[in-house]
Structures are given as structure tokens and as C-alpha cells.
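These numbers come from the heavy atoms of this one structure, side chains and all, not from hydrogens, waters or symmetry mates. Order of appearance sets the numbers: ligands from 1, and atoms from 1 within every ligand. When a residue number appears, it is its place in the shown sequence, counting from 1.
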Amino acid sequence: MCGIVAYVGSRNAQPILLDALSRLEYRGYDSAGLAILNGHGVEVRKKSGRIENLAKACQAKPISGSMGISHTRWATHGAPTDSNAHPHLDASGKLALVHNGVIENFLELKEKLSKAGHTFQSDTDTEVLAHCLGDAYAKSQAKGEARLLEAVRQTFNQIHGTMGIAVIHSDLPGLVVGARRGSPLVIGVGQGENFLASDTQALAPYTNRVVILKDLEIVALHADRFDVSSPLGSNTQIKVEEIENGMIHSDKGSHPHFMLKEIMEQPRSIENAFRGRLDRDGGTTKLGGLNMSADQLRQIQRISVLGCGTALHSGMVGKYLIEDLAKIPVETQHASEFRYGDSPVSRHTLFLAVSQSGETADTLGALREAQRRGYPCLGICNNVASSIARESDGGVYMHAGPEIGVAATKSFTSQVMVFALLGLLLGRHHQLSANHGAELLDAIVQLPEKIRQTLKHSDSVARVAKTYAHSRSMLFLGRLANFPIALEGALKMKEITYLHAEGYPSAELKHGVIAMIDKETPTVLIATQDGVYDKNLGSLQEIKARGGPVIAVAEEGDSKIQGLADAVLQVPKTHELLQPILNVIPLQLFSYHTAVALGRDVDKPRNLAKSVTVE
Ligand code: F6R
């Protein structure tokens, strides 16, 4: 997790580091810090809390210098305090380090260093890494730049875990050394200045020319040049890429929060997901990035979807879509569980790694594991330059645009749309008729307008949210493809309001959860008119019989539900396979308005980060 930025050039480093860092806050925001070479040595400022706290400290006492490193943190080892914030110094106080990743054997290393007389100021694994680097530097016989590079290489061999690092040393002005193992790192190529960052978005105002470092590569960065080498020290070939997406820097527009903006963007983001991909005549879709022939598509006998959190929920909806359209059995797995599990995988299985960021460590690890076992793996990602997008054998981009709010909203609906497109394509290579394909295509084309219609109910959802915002706990129920929508509704509620919420298949109610029902515990029941509508009405009655309030997600004009439920969140009707996309929208709005009513920090909820780049 965490985001790092480094700068070397001729401009004042402090404002550049603070600005670039603010674009990485989605990777963590519990503390931040920077270190700059000020002409005499390394000067450090670090503060717990948001980057704005660090900015205030820097304004009060600016550091002057034209090279430095910086970091925004999501705590893994040690509480989010000033002393645990990065950068960390080595024993000499001359070497400063920022780190994104986790050092798994840090306790062992710390013990060894402590015995050798090292003392530590923080509880972090990163400070141990800084001391290891400083130790290797002190013992090295090499001179100048080569000495720091050798120290990094030697330390690489000592540690278990992941790291994207940037290091400076006061004896080596004009040099930043960066290295990666597991965690992403990119070089931003400027004119008379160069940058390092955890991702390209940080560099948007400064350059669109980037080098995406490969795993285990080390870079020696100067203002006018950079050299990339392998762990063994040989120079490696680099490719400078020009990126477009990185230049997009989102703002909230007229919305009070990114989350609301992104919910409201869904008519457009859904359209972007299917634009140019529909083939009305063939009753199918065109997905150019799959890199699979028609024969290979026909040979798929099983699909395994890997993802985490919201991305996994989209895969769970995707399972219903693909099984219905293509009659191919689909299983969904928490990426983190697949990675270390022993479950057998049958031959002719296609893996799909779903990830908005494309950087989620658990999903990336699971993708690599599936590839190691020799299975074809496709990525469903939003972030075009991401690790999962680059490492998978092919894939489908969501084209949802930047998602800044920590709670995933538009990426979820875009992911489900991608599953619909994929289901159609696979269906047409298996047994689906062109007519059935065309029916779904017609519904897809009409979906943006139906989403617009759904979003018009935002104010009435806000009123319902206000009524129930002070509940201690909520249940979310749905069946079949709407069960993952219930899970997603509960996840949104938990992460941005901190209320206890649980998602269940409606019929599971009577197997235990019903004990939770009382007049203080509202149940959100997804009950649109599908094949299990009557069954859902049965669950509704069971809840009402026990005095529990029911908030139903139901179709506009459903008078039956209106007569039974305490509140109704209305959605228009669409093709049954696409209905989950509409049904999740009032739940996104419901959690959003509840969080606002409770005065929560909607876009940056506590303890979370947008992109989870550690295991
Ligand atoms: C929930 C949420 C998380 C992410 C999960 C995977 O709102 O945002 O559950 O869905 O961390 O992230 P990606 O999709 O980037 O792999």
C-alpha cells in the first residue's frame, strides 16, 4: 500500500513532492512525510493524518532543496503516528528511505541489528529496511553512486516481502535510487528533471513520458539521466512510453463528494464500457483485447473469477450472467484464498482477474499463481497502465474513468457490464441464439437512460437514509444475481458509515439471521420482479411478522411492495440479466446519504485506502 514520489531537478522540490503526493492519497492517507537534501544534509518533515497536515508543517517551516522523496502511508506495522510516518533514516542519519510494501522478516532483521547496536525510533518494518540499507552502505567498498546501488542490491537479498522504494543519501547529492520488488514504481521523464512515483497519476501535471519499471529493477535517477539495471547489476533496456490517461486529474465538479460524482457518472461510464463493442447483426459483442481465437473461446469449459471486495461481488453477478448466457460453469474465489489454497482446477479453465485499480496485491498474486500453473488469465481492469492489465494474457478494459472515492461505485457497474459483454460473446461461441443475444444488446443500449431514471430518485433515497441512519445494524437480502448486490450494499454501508451491515441470500434468513430482526434493525430487501419475486415477498412477510422495518428495492409502480414495505427504493425495469446493475444504484445512494447524515468522511473513510497494494 502507500504511495511514494521522488524528485530530482532544478526546481524547489517541496511543492512538487506535496502536489504529486496528493494525487496518491488514494493509496493511503493516515500519515505523510518528505525528506529533502537541503545543502547540508537530509531534512525530514512528517505528520500523522492527511497530506494537508504535512503541507501545513512544511509551510510553517519550508525546506529548500531541489531533490527529495515523499510518502503517503496506509499503516501496516505500527500505528499512524508522526514517528511511524515515512521517510525513515538509517543509523547515520544520512540515508533517508520511503517504502511501499511489507518486509515480512523485519523482526528477525531488527533483532540482528539491535544486537549490533542499532536503535530504532519507530515500530515500522521500513525503519529496519533503512538500517539494513545504511549498514550495507557503510560496509561497501564501492565508491559514489555504485556504493548506494550495491547497498540496495545486497539488501534485496536479505529481505522477504515486497518493496517499492526511493532512497537518498546526503553524501550523494543529485542522486535518487529507486527499486521495486512486488510493489509498482514508475519513472517520470522530464526535461532537466526526473521523477519516481508509485503510479503515473501522481506525475500528471509534470510529464506524460514514463518508464514502467519491471519487477526487481533498480534505477539511479539524476536530473538529466537515469540508468536502469537488473538485480545483478547489468544495464537493462528501457522503453519510454507516452501515456494519455495519466494526465486526467479528476475534480468533484459541482458535487460535494467524489463518491456522489462517480455514482452520478454511471450513465456515461456504462456507455463507455459497451461503446464500440456491440455487434447487433451477429447478436454478439466484439472484445478485441482478449487475445483468444474463436477456437480457444469454444474450448473453455470452466471459468474461475478472482477478485477482492467489490470486484469479487461483480464477479459473483458475472457468474449468473455467464452461466445463463454461455452455460459455462463459473466459480468465484477470493483472490487471497486462491493464492494459497490447494483447490484443484480442472483443465480448460479460464481465469478472470477483476480489479478496478489493477494493483490489488491479492489479485495480482492470484493471477501470477494461476499463470504459474499454466492457465490462461484475462484481466478486467479500469486502470490501463496497471500491473494486472500488463501481466494478464489479455483482457477487457472497463473505461470507467478515474475513480477517486474510496468506495467503488461506477467501477462495480462497469465490471458487471463487462461480464455481460463477455457472457454474450462466450454464449455466441457456445449455444446462445442470435435472437437472444440481440434482445440483451437492445437492453444494454437502453441501460444508460434507465440509470439516469434511477438516479433521479436520489432525494427520496436521502430521505429514507435519514430515517434509518441511526440504526446500529442493517441486513441486506437478495436472491440469485441479487445476492451479490445485497453483499455489495452491505459492504458500501459498512465502509463509509461504519454501521454494522450484513448481506445474505434472502432465504438464509430463517437459518439463523432472523434472530437479529427487531424494530431497530432495518432490512434492505432486493425484490424486483424476477423469478424469485414471490419468494422474496415471503421473506418480507417473515420480517414484518417480527416487527422489523423493511426497505425494499422494487420496480417503479410495484404497488404490492409499496403496501408491504416501510420504504421503497425505486428502480425501472430492465432485462432480468441487467437488473442487478440498476438495483445496486439505490444501495450506493443509500449508503452515501446515510454516511452524509452521520457526518462521515465519505471519500476517505477511516482505516481504508483506495488501492490495497499489500497482502
Ligand atoms: C469497496 C472497495 C474494495 C475494492 C477491493 C478491490 O468499495 O473499493 O472492496 O473493491 O479492494 O479493489 P480493486 O478493484 O482495485 O482490485
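Of all protein heavy atoms, the one closest to atom 8 (O) of ligand 1 is Val406 O, 3.3 Å. Scanning all protein heavy atoms for the shortest distance to atom 2 (C) of ligand 1 gives Thr310 OG1, 3.8 Å. Closest protein heavy atom to atom 13 (P) of ligand 1: Thr360 OG1, 3.2 Å. Protein heavy atom closest to atom 5 (C) of ligand 1, with residue, atom name and distance, is Cys308 O, 3.5 Å. Residue, atom and distance of the protein heavy atom nearest to atom 15 (O) of ligand 1 are Ser357 OG, 2.6 Å. For atom 11 (O) of ligand 1, the closest non-hydrogen atom on the protein side is Val612 CG2, 4.0 Å.
Remark: ligand 1 atoms within the under-4.0 Å shell around heavy atoms of Lys492 are 1 (C), 7 (O). Listed by number with element, the atoms of ligand 1 under 4.0 angstrom from any heavy atom of Ser355 are 13 (P), 14 (O), 15 (O), 16 (O). Atoms of ligand 1 found under 4.0 Å from any heavy atom of Ala311 (numbered from 1 in listed order, with element): 10 (O), 14 (O). Close approach of ligand 1 to Gly309 (heavy-atom distance below 4.0 Å) involves ligand atoms 9 (O).
Ligand 1 lies out of reach of Glu359, whose nearest heavy atom is not under 4.0 Å from it. Put simply, part of Ala407 is less than 4.0 Å from ligand 1, judged by heavy atoms.
In terms of polar-atom proximity, Gln415 is not counted as a contact of ligand 1, lacking any N or O under 3.5 Å from an N or O of the ligand. Taking distance alone, with nitrogen or oxygen atoms compared against 3.5 Å, Ala408 approaches ligand 1 more closely than that limit. The shortest N or O to N or O distance between Gln356 and ligand 1 is under 3.5 Å.
Note that CD1 of Ile270 and CG of Leu447 are 6.0 Å apart. Values are rounded to the nearest 0.5 Å. Within the model, atoms CD1 of Ile581 and OG of Ser314 stand 10.0 Å from one another, a figure rounded to the nearest 0.5 Å. Note that OG1 of Thr360 and CD1 of Ile388 are 5.5 Å apart. Values are rounded to the nearest 0.5 Å.
Ser304 and Gln333 share a side-chain donor-acceptor pair at under 3.5 Å. Between Gln356 and Ser411, the side chains place no donor N or O within less than 3.5 Å of an acceptor N or O (distance only, hydrogens not considered).
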* Test side chain to side chain contact (heavy atoms under 4.5 Å, CB included) applied to Gln588 and Gln266, step by step -> CA-CA 11 Å; Gln588 296 170 342; Gln266 289 176 107; 2.8 Å; yes

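Within the 4.5 Å cutoff, the side chain of Arg600 has no heavy atoms near those of the Ile496 side chain. In this structure the side chain of Leu278 reaches within 4.5 angstrom of the side chain of Leu421, judged on heavy atoms.
Residues that satisfy the side chain to side chain contact (heavy atoms under 4.5 Å, CB included) test with Leu487, not counting sequence neighbours, are His313, Met316, Phe483.
Residue-level proximity to ligand 1 for Glu495 is carried by the side chain, the only part with a heavy atom below 4.0 angstrom.
Note on Arg372 versus Glu369: salt bridge recorded, some NZ/NE/NH1/NH2 to OD/OE distance being below 4.0 Å.
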